[in-house]
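Working notes, beginning with the structure itself.
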There are 2 protein chains.
Amino acid sequence: MDTKTLLTESEMPTHWYNVQADLPRPAEPPLHPGTHQPAGPDDLSPIFPMGLIAQEMSQERYIEIPDEVQDIYRIWRPTSLYRAHRLEKALGTPAKIYFKYEGTSPAGSHKPNTAVPQAYYNKQEGIKRITTETGAGQWGSAMAMACSFMDIECKVYMVGISYDQKPYRKSLMETWGAEVLSSPTNTTNSGRAILAQDPNSPGSLGIAISEAVEEAAGRDDTNYSLGSVLNHVLMHQSVIGQEVRTQMEKLDAYPDILVGCVGGGSSFGGIAFPFIKDKLDGKDIRFIAVEPEACPTITRGKYTYDFGDTGEMTPLVKMHTLGHTFVPPPIHAGGLRYHGMAPLISLLVDLELIEAKAVHQNAVFRSAITLARTEGMISAPEPAHALAVAIDEALKCKETGEAKNILFLLCGHGNFDMSSYDAYLSGSLEDYSLPDELIERNLASVPQF
Amino acid sequence: MDTKTLLTESEMPTHWYNVQADLPRPAEPPLHPGTHQPAGPDDLSPIFPMGLIAQEMSQERYIEIPDEVQDIYRIWRPTSLYRAHRLEKALGTPAKIYFKYEGTSPAGSHKPNTAVPQAYYNKQEGIKRITTETGAGQWGSAMAMACSFMDIECKVYMVGISYDQKPYRKSLMETWGAEVLSSPTNTTNSGRAILAQDPNSPGSLGIAISEAVEEAAGRDDTNYSLGSVLNHVLMHQSVIGQEVRTQMEKLDAYPDILVGCVGGGSSFGGIAFPFIKDKLDGKDIRFIAVEPEACPTITRGKYTYDFGDTGEMTPLVKMHTLGHTFVPPPIHAGGLRYHGMAPLISLLVDLELIEAKAVHQNAVFRSAITLARTEGMISAPEPAHALAVAIDEALKCKETGEAKNILFLLCGHGNFDMSSYDAYLSGSLEDYSLPDELIERNLASVPQF
């Protein structure tokens, strides 16, 4: 039985793939938050190294992966592509379900694919400290690990409510040597401003980003790292989709439907972008980006310029947004609780290359249980959103009798999310449907100009 | 950089290796707990399927792995062999450190290597339910997963103190569909007897085994599974060492020192046994079994017949034991808190083929932090015992200038053990040295005949 498809290390991609080189129109540039003029390298250099700024702005199709980064990738890469025979059988579907599994990295998700090069380029330019934010902790732990490889100090602003609810993610970051703070803190202006309004603020990704950016902007030896949204982050993740292409070729198969979850967009971009040119060339492939009903950025947000953070410190980026004041309900998929979306994902939605769907978390966990009991893997809540839609599509095939190839990305394990499984199994998980007026109210925070 | 050595699926072993075929003298047989006569298949059949009883007693060198088991092995096998370049550099040692990593299985350890065939042979013989015990939860979660693959009900008696301290391991087992009880329970005679003496008993592996065996013995549709100690369990784990042999051959290297941790002995047997014949043939290789100072079964126990459980329900087995009444101090390596040792490991110690060392848990966690910050992996507390000795040996090489090949088994990740890392990082971990009189008192419980 072809349980999985392996690659040798010599089959790993040697370059990151930049989808921008193949798009019919370029992404619109980020704008300076004060002047509203296109932001240049100098606007970004206080918080990012030039190596990454160059990648952020590059239109080159391929950028070589440095040897030192490849050496570290080889700790967990290449990752396996699975054929979910047992899941198919349980569903009784003629569809063939494939999934790429990124949960075997030491940090447990796809996030190290970009954390490592980000730490590397900062190290190259003499940076000694990196600040970042984290929600549920997947990104913060990846960055903590990457910094430990590069001997860089790492300081993580962790969304307060997660800091309290997920103490073991904090322990994980500390094991890799990082300093972890509960955000909002009283050590930054952004944090103090929030605490002045609400001393018991549970925090949010938007707030934590403001704090991390503020600290990095104020110190010469310190830069900031972001785990999603930006072009260079999605490009680093292209190793996922490039590997999948090679693996599907070995199977002499091609995905009819490709499904991924979207929070900021990095895992989806990682698996999908290396297949986008095929669609532009006329290939029949559907891309489905899956988001939570509780944070429906693409399905109910607006495609416009907005801030990446609550404190209005980042450049303005053209993206799908729910408004930078939006604080999502406390669903368990912390990594999908972000008001915005990667500009490149947003552009591809606007170009009608990608569709989006929103799902409720009870359906998500029901799918996760089905996966665990058929294929063994314990999915993180985030990729279980993709899984839920993959299962829906497989069940449609059962009705129509079509044997479609359905590919989804299982971008991380759920070992640190067992309290969410508990909540599901005990029937206490809430499904949040957002009223229109809540969406409207937050969209009003989008700057007009 | 040769970060790791991969195998293709076609290079996976097709047979389990039975070290008994190559030993200079056979292991002594288990004895019936009542009659003290050698236990035959009929004595074991109330709780084990004949397929496993045959393996337990077999002297055949190789036993074929069934296709259905191989299909499931391929979810996580073959596993990678790593060269720890970054750890070597951090230690400044000329030694070459290799480690086999079993933490990428969905249950997070080597335990599924035997859980799956155990569930398989039970399924073959029409068994509907399996009872088992678990300490920290590695074994219980592996068995829960294996039973979900085979559509068998799984009931886990979890050591009470772990049930309270490790709620997420319980959630994991429930996610795979198992029922989990805090042992001692009031549903078995063994459990009630313990509770009558101490209503607040924290439980122990020995007690949980008694409860699980009692239930299985009393029901026709129910069998019992054990995650370590027994011959067939160690044989199933031989896939680890067989893969390592192939991987070391690819590297044109051979281990001078092979290190593993020992609780019941399954992970150590798994990696070491396929190398034992080399030593019998005169090859210069040292085997080091590492146990906790808080449960020094080999280094301070006695090699004699004893019960495998507290309730005196199991056959008597010839092994190193601290006495079946021994309850180890609450160290964080729950998987190493067992009063006995696999009869085959004990025999090899007696034959002077294997040496044993005991280490304290602060040294263990110090090593685990070093590994995390150099190689990325978060070790479970159990294999970090092996790591600690591997590091010691590498540091000896630094003094002598020898470039030895040191191989250790990292048999599981520590994602569910972060509270122990917290305790270490906050300086609150206790090192337990057992007084001689405590050892003597428990050894007095060993039956005399």
Side-chain angles (χ1 to χ4, degrees), chain A residues 1-9 67-68 70-78 80 82 85-86 101 103-108 112 141 145-146 148-149 151 167-172 174-177 365 368-369 372-378 413-422 424-425, chain B residues 1-9 67-68 70-78 80 82 85-86 101 103-108 112 141 145-146 148-149 151 167-172 174-177 365 368-369 372-378 413-422 424-425:
Chain A
M1 196 157 75
D2 53 330
T3 307
K4 66 181 187 301
T5 304
L6 296 173
L7 296 177
T8 63
E9 291 186 348
D67 285 347
E68 194 174 341
Q70 282 283 29
D71 280 342
I72 297 177
Y73 275 176
R74 279 194 285 267
I75 292 176
W76 66 93
R77 309 211 69 82
S80 298
Y82 285 87
H85 286 289
R86 288 176 193 81
Y101 185 41
T104 53
S105 77
S141 42
M145 182 182 78
S148 82
F149 285 137
D151 286 319
Y168 297 142
R169 272 277 174 202
K170 170 178 153 283
S171 315
L172 190 57
E174 289 173 345
T175 293
W176 279 311
F365 280 94
I369 296 283
R373 295 183 184 175
T374 51
E375 300 295 326
M377 281 80 171
I378 304 292
H413 66 59
N415 289 353
F416 291 92
D417 302 284
M418 294 317 298
S419 61
S420 353
Y421 279 84
D422 269 352
Y424 172 74
L425 290 169
Chain B
M1 196 157 75
D2 53 331
T3 307
K4 67 181 185 304
T5 303
L6 296 173
L7 296 177
T8 63
E9 291 186 348
D67 286 347
E68 193 175 341
Q70 282 283 28
D71 279 343
I72 297 177
Y73 275 177
R74 278 195 285 269
I75 293 176
W76 66 93
R77 307 210 70 81
S80 298
Y82 285 87
H85 285 289
R86 287 176 194 80
Y101 185 43
T104 53
S105 77
S141 43
M145 182 182 79
S148 82
F149 285 138
D151 286 319
Y168 296 142
R169 273 276 173 202
K170 170 177 155 281
S171 315
L172 191 57
E174 290 173 345
T175 293
W176 279 312
F365 279 93
I369 296 283
R373 295 184 185 175
T374 52
E375 300 295 326
M377 281 81 170
I378 304 293
H413 65 60
N415 289 353
F416 291 92
D417 303 283
M418 294 317 298
S419 62
S420 357
Y421 278 85
D422 269 352
Y424 171 74
L425 290 169

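Here is the naming used below: chain letters follow the sequence lines, and residue numbers restart at 1 for every chain.
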TODO: Please assess B:E174 against A:D422 for the test side chain to side chain contact (heavy atoms under 4.5 Å, CB included), listing each intermediate value before the final yes or no.
DONE: CA-CA 9 Å; B:E174 290 173 345; A:D422 269 352; 4.2 Å; yes

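Considering CZ of A:R86 and OG of B:S148, their distance stands at 9.5 Å, rounded to 0.5 Å. Summarising the geometry, atom OG1 belonging to B:T104 is positioned 9.0 Å from atom OH belonging to A:Y101; distances are rounded to the nearest 0.5 Å. Taken to the nearest 0.5 Å, the OH atom of B:Y421 stands 15.5 Å off from the NZ atom of A:K170. Interatomic distance, A:T374 OG1 to B:F149 CZ, rounded to the nearest 0.5 Å: 8.0 Å.
Of the possible polar contacts, one joining the A:K4 side chain to the B:R77 backbone as a donor-acceptor pair under 3.5 Å is found. B:Y82 places a side-chain N or O within 3.5 Å of a backbone atom of A:I75 that can act as its donor or acceptor partner.
Proximity to chain B (any heavy atom under 4.5 Å) is shown, for A:S105, by neither the backbone nor the side chain. For a residue to count as touching a neighbouring chain, one of its non-hydrogen atoms must lie under 4.5 Å from one of that chain's; by this rule A:L425 touches chain B with the side chain only.
Under 3.5 Å, the side chains of B:H85 and A:D71 contain no donor-acceptor pair of N or O atoms.
What you find for A:G376 and B:P106 is that their closest heavy atoms are O-CB, 3.4 Å.
Taking the six-membered ring where the residue is Trp, A:Y168 and B:Y168 present perpendicular rings, their angle passing 60° and hence far from 30°.
Note on A:I378, A:D417, A:L6: by heavy-atom pairs under 4.5 Å with chain B, the leading option is A:I378. Options B:R169, B:R373, B:M145 differ in how many heavy-atom pairs under 4.5 Å they form with chain A, and the most are formed by B:R373.
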